[in-house]
Peer 1: 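Please see the structure below; I have some questions.
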Amino acid sequence: RVVNIGGKSVYIEGIKSVVRLDNSEMIFQMKNCGISVVGNELKIKYLDKTTCVITGKIKAVSCQ
């Protein structure tokens, strides 16, 4: 499950692994695809084994 909250934060559930983390793009491997979050000033607000909350100026969230 992926929820974009007003372009200011993204909640991602079901993460299998982290592929990339930086302030302009974050990529997470899910069960069936990769989730890419693109934006500016991206920061991890919360991260555990399967769940993540990203804050910043979210431009796009896509499945790869």
Side-chain angles (χ1 to χ4, degrees):
R1 176 189 335 192
V2 178
V3 180
N4 185 345
I5 305 166
K8 296 182 180 178
S9 64
V10 174
Y11 171 83
I12 303 172
E13 185 177 83
I15 296 169
K16 297 293 182 186
S17 66
V18 176
V19 178
R20 177 180 178 168
L21 293 177
D22 66 39
N23 65 355
S24 63
E25 182 179 30
M26 298 188 181
I27 301 173
F28 302 90
Q29 184 62 46
M30 309 297 275
K31 183 177 181 179
N32 297 320
C33 70
I35 296 292
S36 172
V37 179
V38 178
N40 295 322
E41 303 171 20
L42 300 180
K43 296 178 184 171
I44 298 290
K45 184 173 182 180
Y46 176 81
L47 177 65
D48 68 14
K49 288 175 75 174
T50 61
T51 306
C52 181
V53 176
I54 301 166
T55 60
K57 297 174 185 171
I58 311 298
K59 290 184 180 178
V61 179
S62 61
C63 185
Q64 300 179 332

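The analysis underlying the following values was restricted to heavy atoms, covering all of them including side chains, and did not include hydrogens, waters or symmetry mates. In what follows, residues are counted from 1 in the order of the sequence shown.
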Peer 1: Count I, L, V, M, F, W, Y as connected when their side-chain heavy atoms are under 4.5 Å apart, and connections chain through other members. Are Val61 and Ile27 then in the same cluster?
Peer 2: no

Peer 1: Roughly how far apart are Glu13 CD and Ile35 CD1, rounded to 0.5 Å?
Peer 2: 12.5 Å

Peer 1: Is Phe28 reachable from Tyr11 through a run of hydrophobic residues whose side-chain heavy atoms are each under 4.5 Å from the next?
Peer 2: no

Peer 1: Would you call Ile58 and Val37 a side-chain contact if the rule is heavy atoms closer than 4.5 Å?
Peer 2: yes

Peer 1: Give the minimum heavy-atom separation between Ser9 and Thr55, together with the two atoms involved.
Peer 2: CB-CG2, 4.1 Å

Peer 1: To the nearest 0.5 Å, what is the distance between CD (Gln64) and CE (Met30)?
Peer 2: 12.0 Å

Peer 1: Could you see if Tyr46 belongs to whatever hydrophobic cluster contains Ile12? Use Ile, Leu, Val, Met, Phe, Trp, Tyr and a side-chain cutoff under 4.5 Å.
Peer 2: no

Peer 1: Is the closest side-chain heavy-atom distance between Arg20 and Met26 below 4.5 Å?
Peer 2: no

Peer 1: Please tell me whether Ser36 and Glu25 have a donor and an acceptor in their side chains that are separated by less than 3.5 angstrom.
Peer 2: yes

Peer 1: Have a look at Cys52 and tell me which of Ile15, Val18, Leu21 forms a side chain to side chain contact (heavy atoms under 4.5 Å, CB included) with it.
Peer 2: Ile15

Peer 1: Verify the cluster assignment for Val2 and Leu42: are they in a single hydrophobic cluster under the rule of side-chain heavy atoms below 4.5 Å apart?
Peer 2: yes

Peer 1: Taking all atoms of both residues into account, what is the closest heavy-atom pair of Glu41 and Lys57, and its distance?
Peer 2: OE2-NZ, 3.6 Å

Peer 1: Going through the checks in order, is the side-chain contact (heavy atoms from CB on, under 4.5 Å) test met by Ile44 and Ile54?
Peer 2: CA-CA 5 Å; Ile44 298 290; Ile54 301 166; 4.1 Å; yes

